[in-house]
Enquirer: 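Here it is: the structure, laid out below.
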Amino acid sequence: MYNWRKLIDKLFTYMVIAVSIVAISPVIHLIITVLLNGTMVIVKTGINFFISLPPTPFSKDFGGIAPAIVGSLLMTFISLPITIVLGLFAAILTTEFPKNTISIVIDTIAKSLASIPTIAVSMIVYTIIVVPMRSFSALAGSIALTIVSLPYAYTYFSTTLRSVPFIYREAAFSIAMSRWSTVLKILIPVVRRGIVTAILMTLVRILGETAALLFTAGRFRNGVTISPLAPADAIPLLIFDFVLSPYEIWRQVAWGASALLLLSYMVIFFTVKFLVKEVKL
Amino acid sequence: MNLLAVEMKNVNVYIGNRHILKDVTLKIPSNTVFVIMGPSGSGKTTLLRVINRLIDLIEDARVEGYVKVLGFDIMKSDPYELRKYIGMVFQIPNPFPHLTIYENIAIAAKINGVAKDKKELDNIVRWALEKAMLWDEVRNRLHDYPHQLSGGQRQRLCLARALAMKPKLLLLDEPTANIDPVNARKLEEAIVSLKDEVTVIMVTHSPYQAARVADYVAVLYDGKVVEQGPAQQLFLRPSTEITQKLLRGEM
Amino acid sequence: MSLTVTELEKLKSILIHMAKNIKYILYTTKKLMEVNDDSEREKTWQEIENISANLEVLRREFVNEVLVFIARRQPLGRELLIANALISIAYDMYRISRYCREIARIDSILPQTSKLNTIKDLQKIFIEAIKAVEASLEDLIDFIPKRLNIVKEVDNNIDEIYREVLREITTNPIIPREKAVKALIMRHIERIVDHAQYIEQYLSTIP
């Protein structure tokens with residue numbers, strides 16, 4: 001009897017392990033493939049990868065993806081703060097006043113925005129911003145990115161804030177803290193790990209978003225622009241274009257860009273996990 | 001100085017469609033330990049939260065009746081102002097986990113303007129911890145975090161935090177419910193020693209604890225005040241069968 | 001029914017059992033005021049001595065039981081008052097037995113021809129006293145002082161007789177031995193009835 005149970009237990013354990021491996025292996029395969037192929041390109045090009053312009057289709061030199069890097073950074077720099085601030089503020093509002101009409105409206109909008117296909121957002125921003133401006137721009141790209149990532153930011157923040165145990169809210173009020181004091185000094189710091197994770201997730205979303213930039217950013221690769229009103233490039237856009245191209249060298253550059261993106265994610269994540277101390281309840 | 005710390009007249013509290021407190025009338029004298037006793041679900045916790053208007057945090061709560069706390073009609077007062085005079089300790093110890101022991105107490109003192117500079121703050125922290133009978137155990141680790149303390153110590157920390165506000169009223173919601181007996185005794189001793197400075201209102205479901213600390217007792221059953229009076233009288237000669245059953249531990 | 005109440009009932013029944021001993025010792029003492037036979041007298045003294053010593057041990061054990069009950073069950077309210085009454089009533093019972101013993105001692109010291117059976121009216125008076133004690137012990141069954149008035153009446157009567165005897169021996173410069181002995185015994189009988197009254201009083205403290 002005992003042995004039978006032990007057998008079943010072991011069987012289940014192995015089954016779970018096996019299924020987990022099957023589930024993770026595509027991801028691992030992906031990471032390994034990208035890193036293998038991409039780092040080779042980066043290493044071969046050295047520092048030029050970060051400061052040169054992309055190569056012409058028949059050149060032997062890999063060149064670089066400087067426009068894409070600058071463009072991505074610029075658009076992230078514009079849209080991330082806006083998304084975070086709006087998302088956090090909306091999350092605080094709906095957590096503090098859940099039954100208020102505005103809160104309900106915000107909640108509903110957030111949920112519906114999330115289900116709009118990103119390419120549709122791209123088209124909308126094209127119509128509203130790009131056409132009147134008569135040019136693609138980093139600004140348009142940023143706006144599209146904001147719209148796309150806002151619902152997610154809001155949801156992450158909202159979930160995090162709601163995960164604060166009620167007892168801390170009660171404690172804060174019991175020592176005569178005002179509502180906003182409580183939010184700023186108690187609720188947010190208690191879940192600071194969650195807040196930072198939310199910010200990171202939003203950053204990841206923004207960095208990797210491709211469809212939203214298709215009709216907004218402009219794919220300008222011939223030089224590095226820092227003006228938000230001028231057309232710009234972005235790393236995912238570059239990958240999208242180069243992978244589909246018939247030129248081998250461009251495909252190689254795409255690998256490099258993918259590896260760069262992946263490496264950036266890993267660096268960001270691990271740095272922040274170490275920097276922000278967990279609050280032990 | 002008011003002779004009555006709290007006065008409640010015909011207070012009814014509804015949460016949703018449940019009638020939690022039914023026509024409650026209470027008089028709580030100042031500088032005493034007033035214990036509200038009763039079985040689980042009788043509305044004790046709700047009653048306590050009416051006093052410092054913490055019940056506002058509950059969405060569909062409705063309070064009717066007249067409640068006067070420290071001379072203020074609480075319905076007409078600003079709850080945030082009111083809470084400056086009322087400290088509270090909860091059933092589950094809830095020190096702020098992201099602040100050190102020192103900071104937990106300091107934040108309470110700072111908010112209420114009790115301390116103006118670092119030296120005053122240090123004094124208040126020490127005073128509060130001494131009153132809560134925790135000073136000796138943490139004097140050398142004021143910058144540790146609450147998760148490094150035991151449950152009983154955390155609860156005494158919460159008491160110290162509440163005291164740092166120098167409140168006139170101290171509300172205790174079954175403070176020893178989740179604590180080991182030794183720490184519970186320490187907490188009870190601390191509570192009784194506070195009588196001179198604050199009025200203590202404590203909720204408990206243990207008649208023995210009530211017998212140990214109370215000067216006055218009110219028995220709450222099914223949302224109604226069944227009996228109230230001086231502790232000695234109630235514990236020797238209760239005048240209702242419900243109280244007698246409670247004392248016997250049958251409820 | 002809760003443990004507290006059942007244990008308390010058990011203690012009450014032990015007390016009622018002790019009460020039987022008290023009744024027995026009283027009737028045995030009464031014999032001293034009736035019989036003439038010397039050997040029977042001697043046997044009676046011995047019996048009274050034994051029962052009294054027994055009761056002392058019983059009382060101590062009983063009080064210990066009640067204290068253990070208080071420590072374990074931590075009674076409050078009515079139960080606490082009953083526990084207190086049990087301890088006090090046990091003491092009263094013990095004192096009654098002691099007074100019986102004292103009466104027996106006096107009887108043993110008296111010269112052959114002037115034992116207690118020779119004292120006028122003593123038997124009648126003692127029977128009155130026994131009536132009072134029996135009434136108070138009866139009330140232990142329901143633990144209600146129903147017969148308080150009976151005991152009070154006997155107490156008043158005994159007090160009267162005692163005062164009479166005292167008056168008699170204090171007015172004359174020379175006192176016959178019988179009167180002196182009667183005074184001594186009356187004092188003990190008066191105390192016995194007092195304790196019966198205390199028992200009723202303790203029963204009255206319980207709501």
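Treat the numbers as computed from the prediction; the structure is a model and nothing was measured. In what follows, every chain begins at residue 1, and chains take the letters A, B, ... in the order their sequences are listed.
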Enquirer: Against chain B, label A/Arg179 side chain, backbone, both or neither, depending on which of its atoms sit under 4.5 Å from a heavy atom there.
Expert: both

Enquirer: Check the angle between the aromatic planes of A/Tyr156 and A/Tyr152 and answer parallel, tilted or perpendicular using the 30° and 60° thresholds.
Expert: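 Correct class here is tilted.
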
Enquirer: Any salt bridge linking B/Asp173 with B/Arg49? Criterion: basic side-chain nitrogen under 4.0 Å from a carboxylate oxygen.
Expert: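 Looking at B/Arg49 together with B/Asp173, the answer is yes, because their closest N to O distance falls below 4.0 Å.
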
Enquirer: Quick check on A/Pro165 against chain B: is it the side chain, the backbone, both or neither that has a heavy atom closer than 4.5 Å?
Expert: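 For A/Pro165, neither part sits under 4.5 Å from chain B.
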
Enquirer: Is chain A contacted by the side chain of B/Arg53, its backbone, both, or neither, given a heavy-atom distance below 4.5 Å?
Expert: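 No part of B/Arg53 comes within 4.5 Å of chain A.
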
Enquirer: Kindly determine whether B/Glu197 and B/Lys131 satisfy side-chain contact (heavy atoms from CB on, under 4.5 Å), including the steps that lead there.
Expert: CA-CA 11 Å; B/Glu197 286 135 315; B/Lys131 278 277 160 180; 3.0 Å; yes

Enquirer: Relative to chain A, which of B/Leu54, B/Leu171, B/Asn94 shows the most heavy atom pairs under 4.5 Å?
Expert: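 Of B/Leu54, B/Leu171, B/Asn94, B/Asn94 has the most heavy-atom pairs under 4.5 Å with chain A.
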
Enquirer: Is chain A contacted by the side chain of B/Ile111, its backbone, both, or neither, given a heavy-atom distance below 4.5 Å?
Expert: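 Contact with chain A involves the side chain of B/Ile111 alone.
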
Enquirer: Could you have a look at A/Ser178, A/Ser181, A/Ala176 and say which one has the most heavy-atom pairs with chain B under 4.5 angstrom?
Expert: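 Between A/Ser178, A/Ser181, A/Ala176, the count favours A/Ala176.
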
Enquirer: With the threshold set at 4.0 Å, does a side-chain nitrogen-carboxylate oxygen contact exist between B/Glu64 and B/Arg62?
Expert: yes

Enquirer: Quick one, A/Leu263 with A/Thr39, criterion side-chain contact (heavy atoms from CB on, under 4.5 Å). Give me CA distance, side-chain angles, the key distance, then yes/no.
Expert: CA-CA 9 Å; A/Leu263 282 169; A/Thr39 37; 4.1 Å; yes

Enquirer: For B/Met165, is it the side chain, the backbone, both or neither that has a heavy atom under 4.5 Å from a heavy atom of chain A?
Expert: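 When you check distances to chain A, only side chain atoms of B/Met165 fall under 4.5 Å.
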
Enquirer: Given heavy-atom pairs under 4.5 angstrom as the criterion, report whether the side chain, backbone, both or neither of B/Phe90 touches chain A.
Expert: side chain

Enquirer: Does NZ or CZ of A/Lys185 come closer than 6.0 Å to the centre of the six-membered ring of A/Trp180, within 45° of the ring's axis?
Expert: no

Enquirer: Among A/Leu86, A/Asp107, A/Leu113, find the one that has a side-chain contact (heavy atoms from CB on, under 4.5 Å) with A/Tyr154.
Expert: A/Asp107

Enquirer: Please state whether the side chain, the backbone, both or neither of B/Pro95 comes within less than 4.5 Å of a heavy atom of chain A.
Expert: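 For B/Pro95, backbone heavy atoms alone lie under 4.5 Å from chain A.
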
